[in-house]
Asker: 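If you scroll down you'll find the structure; I have some questions about it.
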Amino acid sequence: MYGNLNYSSVIFPILPQLIIVAAIFMSAMFDAFITSKKWLVGIITLLGLGLGIVSSLFLWGGKIAAFSNMISTDDFSLLLSITVMIAGFITVLVSLKYVDDVEPEAGHFYLLILSSILGMMFLVSATNLIVLVLALELMSLSIYPLAGFTQSRQISLEGSMKYLILGAFATAFLLYGIALVYSVLGTTNMYTIAKTLSDRPDPMMNIIMMAGVALILIGFSFKVALVPFHAWTPDAYQGAPAPVTGFMAAAVKAASFAAIIKLVLIVFNSYHVPVSEALWWLSTITMFTGNIIAVLQKDVKRMLAYSSIAHAGYIVVGLVSGDAYGMSSALFYLISYTFTITGSFAIITYLEKKDGTGNELSDYSGLSKNHPVLSLVMSVFMLSLAGIPPTAGFMAKFYVFSSAIKNGYTGLAIFGILTSVISLYYYLRIVYAMYFEEPERQTSTSVTVGISVGIIIALWGVIQLGIMPSGIMSLTMQSIQSLMH
Amino acid sequence: MSYQFLIILSFVLFSIGMIGVAMRRNIIVVLISLELMLNAVNVLFISASKYMHTLDGQIFVIMVITIAAAETAIALALVVRIFKSLGIVKIDDLKKLKW
Amino acid sequence: MELNIVRYILLFPLLGFLINGIAGKKMSHKAVGLVANTAVFLSFATVVYLFLTLISQPENARLITDTVYTWISSGSLTIDFKLMIDPLTSVMLLIVTGVGFLIHIYSVGYMHEDKSYARYFAYLNLFMFSMLLLVLSSNIILMFVGWEGVGLCSYLLIGFWYEKDSAANAGKKAFITNRVGDYAFLLGVFLLASSLASKGVLTLDFAMMAQQISLVPAHVLTIVGILLFIGATGKSAQLPLYVWLPDAMEGPTPVSALIHAATMVTAGVYMIARMNFLYVLAPTALEVVAIVGGLTALYAATIGLVQNDIKKVLAYSTISQLGYMFIGVGVGAFSAGIFHLMTHAFFKALLFLGAGSVIHALSGEQDIRKMGGLKNKIPVTHAVFLAAALAISGIPGLAGFFSKDSILAAAYASGHTGIWLLGFITALLTAFYIFRLVYMTFYGESRVDKHTAGHIHESPKIMTVPLIILAVLSVLGGYIGVPQLLGNLIGWHGSDIFTNYLAPVFSSATGHEMPVSTESILMIASIAMAFAGVFAAWYIYLKAKMKPAVSTVQTLPGLYNLLLNKYYVDEIYNTVIIKPLMWISEFFLWRFFDVWIVDGAVNGSAYVTKWASTRLRKIQTGDFQAYVLIFLIGVFSIVAYFVLR
Amino acid sequence: MGFKENILSIIIFLPLAGVLAGAFINKDNKSAIKWFTLILTVLEFIVSLFLVLWFDSSITSMQFVEKYSWIPVYNINYHIGIDGLSLLLILLTTFLTPLVLLGSWTYIKQREKEYFLWFMVLEAGMIGVFASLDLILFYVFWEAMLIPMYLIIGIWGGPRRIYAAVKFFIYTMFGSLLMLVAIIYLYFAYGAQTGTYTFDLLKLYGISLPLHVQAWLFAAFALSFAIKVPLFPFHTWLPDAHVEAPTGGSVILAGVLLKMGTYGYMRLAMPLFPVAANALLPYIALLAIIGIIYGALVAMMQPDIKKLVAYSSVSHLGFVILGLMTLNIQGVDGGVLQMINHGLSTGALFLLVGMLYERRHTREISQFGGIAKVMPVFATIFMIVTLSSIGLPGLNGFIGEFLILIGSFFANPLYAVFAGTGVILGAVYMLRTYQKVFFGKITNEANSGLKDLNIREIIVMAPILIMIVWIGVYPKPFLKIIHNASSSYIQYVKPQPSQPASAGNILQQSQMPEREK
Amino acid sequence: MIDNILLYTVSVFLIITYAYAVFANNPVYSAMAMGISFFFTALLFVILGAPFIAAVQIIIYVGAMLVMFLFIIMMFDLNKSAVSPVRYKPSTIISYLLIMLILLIGFYMARGVLRMPEGFTIRGFGSAENIGFNLMRNYLLPFELASFVLLAGVFGAITFIRKGKGS
């Protein structure tokens, strides 16, 4: 009775996920057997991630629904899986030495990374709310401990604690929202929901339904840190160990935004009017608050936390416009942001001292004296964050704002532009700390292989997307298309 | 018995949990309130599944319980750690990170 | 007729300038002087040659042109680097190169111990170049190049001894005052050009303009004429822009002779003569020219009465003589104006050079109250100076007489009695102040202080020879323009060679006839005036040992001081224009507007951002409950938005 | 792919290649770096001379055009090409850069390698701006070029360099970002109108939009360029940037960067939105005139030479903009020529001031006096440059100012009447300064020992002086190059002669035929 | 009828226990109250025809979580340290008000619900067999994922419990 499962049809769609699972078990075993030199575990992880990327490339182009429509593997999910896996890849590369320095014998760091990536991969491919929630939780529950991973630091624990409780709180809201939707429609399958909604002659404005949609939106807005659900972000980012912060900023954002895109574009398409109106407000508030508060930050990680809030706002600008064009622009932004932010945090990781200090702006002054190349690269990342050509950040902003203008949200675009002028100030702040000020401390340690490789990958991404963005742009478009039918 | 009543019930329960999270200082109690909120969600799911005649609700509840369990595990571990290394049990004593 | 050698007139001084300017420091004084003088002499020779070829032409075909290249070409506006020589030009050329050459020679002696000798001659050659360009140019823009070029040279040469602040200031003053004039000049040119353009012909070439000028409405021409004339007042030191010329005496004396007496300052007169085709169609403008000229003549003469600096006296006399010239052109007697320009060039250059020789003799003393009785110590200088003085005061038979008389006659004939009267009085004053100068310098007992008195010496040959030549010119120069009236007495028809020679250029100008009787009366009257002036000077300053002068000063000191301080014009300009402008620029525009408004706006926005940041970050109190609160606010508002919309 | 076909790309990317190569030179081997960069930039200049060689000034269309697909998704192309305007500005860039490098030979005491390499990056960026015909490509170069300038000011600048650099960067960025929005809007508007979505400048010229839309878009462009120029109320960043920047920086800033603003007006803002341009033209002209007088007056009172020159730039650039606003051939020709002139003379002024600063380490005018005695050569050169900058006939400044003034007189006599006062004031402040610095007795002992220019510095100045005299004496070739560019600019912007014939119009028609040939 | 009475009584008790759990001063009491509330919830589930879930509820919540809570509380006797359970400061007051508002909206929502289907129970709908069968078929993937969630929980717990070099 249980026998007639067609295994190929089971294994194929989730091949990348399975590879990650395998990686998890492998590295768990290594972790158990190796007492020191945990970076070997990291190597396994890298292997797993590499294979995962390859396999997802191998699956590219098809659209397979599996597990009785629990998930569907399509270009959208694959593109985002690759993105998060790259983010994870860079993060692991960066933390190889870091983990051994900060928390020796803590090999399960890599396990947590892997399991969160697993969660993200299911999150982006889920077509059923159950899977969605489970994946989300898998991701979050692996991130909370990562955020508090360096227990020697009070701020780390504190950030993790706040993140955890608020996260659980948000999850409760999300679940309640789903429950409300379910209580009206009686199904949790996304496509069914979309169909039932669109079949109604009137886009059903049932109040419970609306509340459910709102709560679901809130649940995810929390994950991507839109104001006013951003409160955890600065604390968690500042507290978390540098590589993890990068990972959070890049991968978690990407995956959660993917989920939002799916919900907005597919599931609640019938509600796009109220949804995009709400998003309009959220994005304006977010861009404004994030950039304004970041201006005076002294701690680089905290500054980048606020900046990541602001960037979430810019991505939402893409969502506001609501059509495939805008969505793909948001995707592009996510990808470019992933490269940029992981790269920046690779450098921050390198500069962070064992006791977690070394993130003050003053620690960056005169960096270009000792590390000309490093500071040059850092400036490139900063300029990319600020959206100055020829970097990925510019192309991303260009894409997003053009989508907004195309759909008649010129005001939003102008507002975004103005806030990004503000953002220019604090990104330049880092640049001129590195170039114009006199060095206060000597960082003599040389850059490790892992970090340098990670930086190189990130830099490649930033430049590539900045100068030859066409390929990725079409990919994002294509993946959005694959999502829509 | 009416569907509306059940929904309202779940909502009331959820809100009480919410109040708890919003106002209790003791981390443990905050966690308890979170559990209660999730439980309220479960109530809604079950009643919905009764009225919708679909099993998704009930399955969902199982998953929610699982999630709750895992969450609590981590949370409590973290509480222990914080208590041991910082001696803090009141959540608003965690104020090192601000601005 | 097209002759390519015209350009050589310009080329030689330019070469001289370049050689002396670049290599001069290395070369010996002799070499420098040689280069400079040869350059000028060569161009003088070329001029003479061309002059001969010109007069060999028939009356109506006296025109030599030389198109070097197209200078500016923008759209339909093309400005050629084109030179032309017609009778008017040829006269100017002869004056400029001739007098210029003499002054060059003189300078060799005068400047011989100056350390920046090469620089001096480089500038001088550059000046020759610019002046010749001004004269030769066949279109008004090219003329403007020369116009500004001479301005530059005068700036450089006035400030030649730049270590003296007074010199540097004088130079700057000259340049800027001229700029004011040039501004008006350019506007005039633009107005002319645009009004021609609106008729479909855009040209700035004199000949072309002369043909098309009739297309332009009269009132426009009047404005153009006045604007151009303002330019002329700047260059030729007329009211109200004359202020720079007296200060210009800071420069070396030969420079004053060449630039500020003989050539440059007459550029304005030349320009108006050149533009006669325009002015005859704009009588109002001519009116203005004549009136300003007359007023200036009298005004400057009055100031000249009381000045004690020998060069200052001559400076004011120059201004007043220029006024005469403007009267001449202003009443439409262009040839008379030019004639006076020529004679004035001779005797005024002579006066300056003579003064220079005196100063040279007294080793730098310029105050005539510290002179006197030099007659026998420096006889040659005295002689030539006297000749020039007689010439300028219009004693019959000398150059000045003929030119001045023809101007006055023309003024009267054209019915400008008032202007004639101004000129008439000025004649008296001229004779008076110039002989005051002569007597106080050369006659009476010496007031020279002792140690200079020791080594008073006559200037060397190289300086005196040019003086003598100029003296001859200022005595005989007038006979090429003998008024027809006198010509008739000796039965010499066409005695006024000069006017006839220039006639083709001024064909458009209409001469006025008047009865022989009136003319002869006028002539006698002015002769009387001249003698009166001379006699008055003799009586006051020689016979009565200046007691009358002193007593006059005592009786009305106000008037005396007014004159002595040049009617306080400099002070007025200073307080009315310069000071306020500076104040506004510094305290309003810069320190207030730029700093507080323009800059403040930008910095202000930065401050606002920072302020907002400090306020806004306060919501991030590390307090968990606060976070939950913010969260709940968000939840509430969004749910409310969705549910209640 | 051939030298002649891709010469523009070669000119753009040669410096960048040089930077890549130069990055491998050991940073302690200073002379090697200096020589390397100098030789490379000279080579660059030589290559750019081929442009002149092959430039056909008789055809109106763009030349040396290269077009490769860059971002097909958006139909963004790597589309470059030049006309007379761009040609001259590119030449100016390649001409000034080596001189600047030679000029900063010994002045830069720290981090030479970065300095010289950044300058080559800067050069590439500037040339790219002048060459690109695709709006996005233009924008990319436009902003990419800010970064090297930011660093040059910030690292090697004066005491308040950070303030100046940040102000420069953010203020410029503010304008250009608004322009970006306008560009994108234009893209979609054109697409909606014609169905083909493109950023191709030459295509976009054809677009016709309702006035209010045009007005907004034009405002965005105009603001961005006005900040760059800088037009009167937007000049606040200029004095700071100039004063704080190192000599080389100031030279390039004044010489080339400011021209990008005027270039923007002529290439983008005006021709893209002719209707709005014509509507707003008087106001821009007004600002330009205010700038002329204001700049001159404020410059007159400055105690710091560099600041004085900076404000004088405001005045001169006012002339340029005024020329562009006249919309008749003389004015526009003059405007373009004046861009070059200002680049030369103000660039030279900054070089000279730098030389003085290197000797005395102060720029306070009151600190000097009587310099002419100890530094005759320097004084002479300074005098020539001063004269050129106050527009003395026979030097380059005059040609430009004359054409601009006569053009503006044709457009509207009042323009010339007010702008003309700038000529007087220019003489006032330049000569005052010159007198205070060079004339009089040496009062300050520190000045008595000053050395006159050494041979290197003379070599730096010589080419500029030659150009100054050349343009002044024989400007025809330059005007010839400019002519087609400016006449087609006028054609784009000028409302076709429906409105009453002004002098300008007639000039326009009178020289139409010669454009056909 | 019986159902209704049962339902209402259960819900009343549920609310009471909830309230007590949230407002009790002593964490131990809160925990106990939570446990009791879970019992009532289970009861409710049974009424609503989900016996299996009810069982799971009892087993996991009461059997695992409650014990865990109590264990932690006892181990570090956190109950002592909880002095003033509720803080009355502006933020709290505001949140009170907000929550009241939300409650109002909630009732408004509930009132707005139209055309509610009539509830009736199919035999064995919520039975262990049915659910188990479905878990193994349609819901295989969530089931597996749940296991990973728990795994992640384990990792997380390890992270914090193990002797880091910080402590």
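Letters A, B, ... mirror the listed sequences (proteins, then strands); counts begin at 1.
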Asker: Could you check whether any side-chain heavy atom of D/Gln302 comes within less than 4.5 Å of a side-chain heavy atom of C/Trp590, counting everything from C-beta outward?
Answerer: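 In contact.
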
Asker: Give the ring-plane orientation class for D/Phe402 versus C/Phe190, where under 30° counts as parallel, over 60° as perpendicular and anything between as tilted.
Answerer: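 Ring orientation, 0 to 90° scale: tilted.
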
Asker: Going from OG1 on D/Thr421 to CZ on C/Arg179, what distance comes out if it is rounded to the nearest 0.5 angstrom?
Answerer: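 These two atoms lie 12.0 Å from each other.
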
Asker: Take C/Phe144 and D/Phe398 through the side chain to side chain contact (heavy atoms under 4.5 Å, CB included) test and state the conclusion after the steps.
Answerer: CA-CA 11 Å; C/Phe144 185 72; D/Phe398 172 72; 3.6 Å; yes

Asker: Working note: C/Phe175 + D/Ile390, criterion side chain to side chain contact (heavy atoms under 4.5 Å, CB included); need CA distance, chi angles, decisive distance, verdict.
Answerer: CA-CA 12 Å; C/Phe175 195 93; D/Ile390 66 179; 4.0 Å; yes

Asker: Specify the closest pair of heavy atoms between C/Thr70 and D/Tyr474, including all atoms of both residues, with the distance to one decimal.
Answerer: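 Between these two residues, the closest heavy atoms are O-CE1, 3.7 Å.
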
Asker: Under 4.5 Å, counting heavy-atom pairs only, tell me which of C/Leu191, C/Val189, C/Leu186 racks up the most with chain D.
Answerer: C/Leu191

Asker: Between D/Phe409 and C/Ser194, which heavy-atom pair has the shortest distance, and what is it?
Answerer: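 The answer is CE2-OG, 3.4 Å.
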
Asker: Taking all atoms of both residues into account, what is the closest heavy-atom pair of C/Asp165 and D/Gly440, and its distance?
Answerer: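 For C/Asp165 and D/Gly440, the tightest heavy-atom pair comes out as OD1-CA, 3.4 Å.
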
Asker: Taking the side chain as everything from C-beta on, heavy atoms only, tell me whether D/Lys373 gets closer than 4.5 Å to C/Tyr162.
Answerer: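 In contact.
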
Asker: As an exercise: rank C/Asp182, C/Leu142, C/Ile141 by heavy-atom pairs under 4.5 Å with chain D and give me the winner.
Answerer: C/Ile141

Asker: Taking side chain as everything from C-beta outward and backbone as N, CA, C, O, which of these in C/Lys173 sits under 4.5 Å from a heavy atom of chain D? Side chain, backbone, both or neither.
Answerer: neither

Asker: Just checking D/Trp470: does its CH2 atom have more than 12 heavy atoms from other residues, nucleotides or ligands closer to it than 6.0 angstrom?
Answerer: no

Asker: List the atom of C/Ala193, the atom of D/Phe410, and the distance in Å for their closest heavy-atom pair.
Answerer: C-CE2, 4.0 Å

Asker: Do the non-hydrogen side-chain atoms of D/Ile399 and C/Trp71 ever get within less than 4.5 Å of each other?
Answerer: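 Touching, per the 4.5 Å side-chain cut-off.
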
Asker: Could you tell me which of D/Lys480, D/Lys167, D/Met300 has the largest number of non-hydrogen atom pairs under 4.5 Å with chain C?
Answerer: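 Among the listed options, the one with the most contacts to chain C is D/Lys167.
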
Asker: Distance check, rounded to the nearest 0.5 Å: C/Leu202 atom CG versus D/Ile329 atom CD1?
Answerer: 12.0 Å

Asker: Does D/Tyr294 reach the side chain of C/Asp594, with side-chain heavy atoms less than 4.5 Å apart?
Answerer: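 Heavy-atom side-chain distance check passes, below 4.5 Å.
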
Asker: Between atom CE of D/Met383 and atom CG of C/Leu156, what is the distance when rounded to the nearest 0.5 Å?
Answerer: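 One gets 5.5 Å once the value is rounded to the nearest 0.5 Å.
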
Asker: Heavy-atom distance under 4.5 Å between the side chains of C/Ile176 and D/Arg432, does that happen here?
Answerer: no

Asker: What I'd like to find out is whether the side chain of D/Leu297 reaches to under 4.5 Å of the side chain of C/Ile584, using heavy atoms alone.
Answerer: no

Asker: Checking C/Val602 against chain D: side chain, backbone, both or neither under 4.5 Å from a heavy atom?
Answerer: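 Contact with chain D is through the side chain of C/Val602 alone.
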
Asker: For D/Leu392, is it the side chain, the backbone, both, or neither that has a heavy atom closer than 4.5 Å to a heavy atom of chain C?
Answerer: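 Backbone plus side chain of D/Leu392, per the 4.5 Å heavy-atom cut-off to chain C.
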
Asker: Does the side-chain hydrogen bond (donor to acceptor under 3.5 Å, both in side chains) test come out yes or no for D/Gln435 and C/Asn169, once each step is laid out?
Answerer: CA-CA 8 Å; D/Gln435 183 190 349; C/Asn169 284 327; 2.7 Å; yes

